[in-house]
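Worksheet for the structure shown next.
Quantities reported herein were computed from a predicted structural model and do not represent experimental measurements. Below, each value reflects all heavy atoms present in this structure, side chains not excepted, and no hydrogens, waters or symmetry copies.
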Amino acid sequence: MYYEEDCTQGEIADQLHVSRPLVSRMLREARELGIVEIRVHAPASDTETQIERLCMRFGLQGGVLISEEDRDSLIDLNLAKRLLEYVEAEQPATIGIGWGDIIGSLTELLERTPPHPTSVQTVCPLVGNSSVSSRRYHTDENVRIIAKSMSAQPKYLHAPAFFADSEDRSLLYGTRHYRDISEQWDRLDIALVGIQDTTAADDVDYPLELYSGSIGHFIAYTYDINGQFIRPERDCVAHIPLDKLSHCRQVIGLCAADVSPQAVLGALRTGVLTHLFARESLVDAILREDL
């Protein structure tokens, strides 16, 4: 009567022909005995509100946001830690690895972590290896370290990301080795994709012409601010086909500390991403930019 019918204690006393103090004592005893349980819920945080807005606007399934830190390296490291927690909680069987700063931070984190059993059975690359010195763009090496830490089996592409021409790439596509990787892409549960500015193409030794209007790229797919992929005249990149990536259960976009809001906005508009890991101020800027 009190909690479900919204009666006052006085009204209950009158209906039951008992004193009001008795009604008060009965209510108190109901709480003490566990018959009644009262919960106080805090209002939704700003972070939860931002994630909800992102999901509604771009059709995402979820995401993780972190507050600002003094140094960019701390932002990337903290995102890598949250990413590791998230992946292990999701219990995927097959993970695909792209490249970028956060994946590099994840690799460094797991390199210091003793191997431990997880649900992950297979770790495979989403793109070939870059020739730059930075290890965060050496996909097979990152796959090896991540798989070892998660007690999983690594699968390697053993190929450069960028071939001299499409004919050379076609030779790779005709091998049994490539067909094995392609089969792994069909089984992906989670794909980890680093989002980068188009100006970061030099970081991965991107040899193709940067077309007018390109705003960003992930795993060597370039797109414009409207989320339209820009097809190169000479397609000589070894990476997961977009149709296979789009069929992956979770495609997690990873936003390093130095990525621009425009590059992330274009990536979200492609419709490929299902989750986003980023800093709060970046998402604020994205939502303002998308007005």
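A 6.0 Å sphere centred on CG of D243 holds more than 12 heavy atoms belonging to other residues, nucleotides or ligands. Within 6.0 Å of atom NZ in K148, 12 or fewer heavy atoms from other residues, nucleotides or ligands are found, so the atom counts as exposed in its surroundings. Enclosure of atom NE2 in H177 by more than 12 non-hydrogen atoms of other residues, nucleotides or ligands within 6.0 angstrom is indicated. Atom OH of Y2 has 12 or fewer neighbouring heavy atoms from other residues, nucleotides or ligands inside a 6.0 Å radius.
In this pair, H275 and Y86 present their aromatic rings tilted. The plane angle is within the 30 to 60° band.
The backbone N or O of E280 lies less than 3.5 Å from a partner atom in the side chain of Q50, making a donor-acceptor pair. Counting only distance, with no hydrogens or angles, the side chain of Q15 and the backbone of I12 share no donor-acceptor pair below 3.5 Å. The backbone N or O of V237 lies less than 3.5 Å from a partner atom in the side chain of R169, making a donor-acceptor pair. Judged by distance alone, with hydrogens and angles left aside, the side-chain atoms of S119 form a donor-acceptor pair with the main-chain N or O of P92 at under 3.5 Å. Side-chain atoms of R249 do not come within 3.5 Å of backbone N or O of L188 as any donor-acceptor pair. D224 places no side-chain N or O within donor-acceptor distance of the main-chain N or O of I230, the cut-off being under 3.5 Å. The closest donor-acceptor contact from the side chain of R279 to the backbone of A257 lies under 3.5 Å. Put simply, the side chain of S151 never gets that close to the backbone of A147: no donor and acceptor are under 3.5 Å apart.
Interatomic distance, CG of L106 versus CG of D101, reported as 12.5 Å (0.5 Å rounding). Note that the OG1 atom of T175 and the CG atom of L172 stand 5.0 Å from one another [nearest 0.5 Å]. Distance CD/Q91 to CG/D189: 11.0 Å, rounded to 0.5 Å. One distance of note links CD of Q184 with CD1 of I95; it measures 12.5 Å at 0.5 Å rounding. Note that CD of E29 is 8.5 Å distant from CG of L22, once rounded to the nearest 0.5 Å. Expressed to the nearest 0.5 Å, how far CG of L54 lies from CD1 of I286 amounts to 6.5 Å.
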- Carefully, step by step, assess Y173 and R179 under the rule side chain to side chain contact (heavy atoms under 4.5 Å, CB included). CA-CA 7 Å; Y173 282 14; R179 289 195 296 271; over 6 Å; no
- Task: Starting from the C-alpha separation in whole Å, work towards a yes-or-no answer on side chain to side chain contact (heavy atoms under 4.5 Å, CB included) for Y3 and L27.
- Result: CA-CA 10 Å; Y3 291 105; L27 290 171; 3.9 Å; yes
- Task: List the steps and the verdict of side chain to side chain contact (heavy atoms under 4.5 Å, CB included) for I146 and M150.
- Result: CA-CA 6 Å; I146 293 171; M150 293 184 169; 4.1 Å; yes
- Message: Would V272 and V193 count as a side chain to side chain contact (heavy atoms under 4.5 Å, CB included) here? Give the steps.
- Response: CA-CA 10 Å; V272 173; V193 173; over 6 Å; no
- Task: Would you please test Q61 and Q250 for side chain to side chain donor-acceptor pair (under 3.5 Å) and show each step?
- Result: CA-CA 8 Å; Q61 298 175 21; Q250 294 190 37; 5.1 Å; no
- Message: Walk me through whether S105 and D76 qualify under side chain to side chain donor-acceptor pair (under 3.5 Å).
- Response: CA-CA 7 Å; S105 295; D76 293 346; 5.0 Å; no
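When the options L77, I195, L192, L254 are evaluated for a side chain to side chain contact (heavy atoms under 4.5 Å, CB included) with I102, the one that passes is L254.
In plain terms, the two heavy atoms of D197 and V259 that are nearest each other are OD2-CA, 3.4 Å. Listed here is the closest heavy atom pair of L157 and V127: CD2-C, 3.7 Å. In plain terms, the two heavy atoms of A152 and T122 that are nearest each other are CB-N, 4.0 Å. Across G98 and I219, no two heavy atoms sit closer than the pair CA-CG2, 3.8 Å. Considering every non-hydrogen atom in both Y137 and Q196, the closest pair reads OH-NE2, 2.8 Å. Nearest heavy atom pair, residue H138 against residue N129, reads C-OD1, 3.5 Å.
Side-chain contact between H116 and E88: present, with at least one pair of heavy atoms (C-beta onward) separated by less than 4.5 Å. Counting only heavy atoms from C-beta outward, the side chains of L276 and C255 approach each other to under 4.5 Å. No side-chain heavy atom of H247 sits under 4.5 Å from any side-chain heavy atom of W185. Taking 4.5 Å as the limit, some side-chain heavy atom of V251 sits within range of a side-chain heavy atom of C248. Using a 4.5 Å heavy-atom cutoff, the side chains of R82 and I66 are in contact. You'll find the side chain of K155 stays beyond 4.5 Å of the side chain of V143, heavy atoms only.
For the residue pair N142 / T107, a side-chain donor-acceptor distance below 3.5 Å is found, with atom types taken as modelled. In this model, no donor atom of one side chain and acceptor atom of the other lie less than 3.5 Å apart for Q153 and Q121.
When the side chains of ILVMFWY residues are joined at heavy-atom separations under 4.5 Å, either directly or via intervening members, I215 and F229 end up in a single hydrophobic cluster. Neither L126 nor I145 shares a network with the other; the hydrophobic side chains, linked directly or stepwise wherever heavy atoms of I, L, V, M, F, W or Y lie under 4.5 Å apart, form separate groups for each. Under a hydrophobic clustering in which Ile, Leu, Val, Met, Phe, Trp and Tyr are joined whenever their side-chain heavy atoms come within less than 4.5 Å, directly or via other members, I225 and L282 fall into the same cluster. By the rule that hydrophobic residues join a cluster once side-chain heavy atoms approach within less than 4.5 Å of another member, L242 and L268 end up as members of one cluster.
For H217 and Y223, the gap between ring centers reaches or exceeds 6.0 Å. Between F218 and W99, the gap from one ring centroid to the other reaches at least 6.0 Å.
Checked for salt-bridge contact, E111 and R135 meet the test: a charged N lies under 4.0 Å from a carboxylate O.
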